[in-house]
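Here is the structure we will look at, set down as structure tokens.
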Amino acid sequence: MSGAEAAVRARTLALLQADAELAGLVHGIFDGVPARATAPFVALDAVEARDWGTKDRAGREVRLTLAVHGAGAVDGAAAARIEAIAATLRGGADGWAVVGARVERTRTRFGRDGGWRHEMVLRCRCLVGDG
């Protein structure tokens with residue numbers, strides 16, 4: 001994982017875990033899918049990055065998949081809260097400046113056991129340097 005990927009992942013996880021409203025909606029917020037957890041919970045999933053920069057600064061575009069895992073009726077409250085938190089990701093992140101962040105794509109999948117998974121792909125554009 002590159003520096004930008006790790007920085008965005010760590011900043012996203014910290015912001016999600018610090019949000020009291022989101023904590024009231026789910027049983028946990030995890031870096032990766034936990035071995036055991038009770039739905040609903042949030043898991044940071046796949047991360048990918050590609051080159052993105054300006055003429056005078058190197059940069060990376062990072063796409064991070066976040067997933068709300070649930071059971072029973074689909075509840076969009078946690079996903080809506082995550083989208084609101086994503087808007088606050090701009091700023092310094094471990095040697096990188098997150099200059100843009102938005103939810104780019106969402107998808108809901110249903111399992112045979114009555115469970116569901118609502119995925120969001122968060123796109124962050126980062127430049128080298130904290131500011």
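Just so you know, these numbers use all the heavy atoms, side chains as well, and skip hydrogens, waters and symmetry mates.
In plain terms, the two heavy atoms of C126 and V8 that are nearest each other are SG-CG2, 3.5 Å. Closest non-hydrogen pair, A71 versus A39, comes out as N-CB, 4.0 Å. Residues W96 and A7 approach most closely at CD1-CB, 4.0 Å, considering heavy atoms. The two residues T106 and E83 have their closest heavy-atom pair at CG2-OE2, 4.2 Å. Contact between A97 and R57 at its shortest, heavy atoms only, is CB-NH2, 4.1 Å. Among all heavy-atom pairs drawn from R11 and A93, the shortest one is CD-CB, 3.7 Å.
Side-chain atoms of M120 and R105, non-hydrogen and from C-beta on, never get closer than 4.5 Å to each other. Considering only heavy atoms from C-beta on, L66 comes within 4.5 Å of L16 through its side chain. Residues V99 and W52 form a side-chain contact, since some pair of their non-hydrogen atoms from C-beta on lies under 4.5 Å apart. Contact annotation: the side chain of V74 never approaches that of H118 to less than 4.5 Å [non-hydrogen atoms, C-beta and beyond]. Side-chain contact between L44 and T65 is absent, with no heavy atoms from C-beta onward closer than 4.5 Å. Taking 4.5 Å as the limit, every side-chain heavy atom of V26 sits out of range of all side-chain heavy atoms of H69. Between L25 and P40 the shortest side-chain heavy-atom distance does not fall below 4.5 Å. Using a 4.5 Å heavy-atom cutoff, the side chains of F30 and L13 are not in contact.
In this structure, H27 has its ring center at least 6.0 angstrom away from the ring center of F41.
Other residues, nucleotides and ligands contribute more than 12 heavy atoms inside 6.0 Å of the CZ atom of R123.
Cluster membership check: W116 does not share its hydrophobic cluster with V121, using side-chain heavy-atom separations under 4.5 Å among Ile, Leu, Val, Met, Phe, Trp and Tyr. Each of L127 and V62 belongs to its own hydrophobic cluster when Ile, Leu, Val, Met, Phe, Trp and Tyr are linked at side-chain heavy-atom distances under 4.5 angstrom. Residues V33 and F110 do not share a hydrophobic cluster, clusters being chains of Ile/Leu/Val/Met/Phe/Trp/Tyr side chains in contact below 4.5 Å.
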Fill in: Chi angles and distances behind the salt bridge (Lys or Arg N to Asp or Glu O under 4.0 Å) call for R81, D19
CA-CA 9 Å; R81 186 67 199 142; D19 190 80; 2.6 Å; yes

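For the side chain to side chain contact (heavy atoms under 4.5 Å, CB included) with L64, the lone residue among D45, L89, V47 that qualifies is V47.
Using a 4.0 Å cut-off between charged side-chain N and carboxylate O, D31 and R9 make a salt bridge. The pair R60-D51 does not count as a salt bridge, with every side-chain nitrogen at least 4.0 angstrom from each carboxylate oxygen. Salt bridge present: R63 and E61 bring a charged side-chain N and a carboxylate O closer than 4.0 Å.
Here the CD atom belonging to E5 is positioned 11.5 Å from the SG atom belonging to C124, to the nearest 0.5 angstrom. R117 CZ to R109 CZ: the interatomic distance, rounded to the nearest 0.5 Å, is 5.0 Å. One distance of note links CZ of R102 with CD of E104; it measures 5.0 Å at 0.5 Å rounding.
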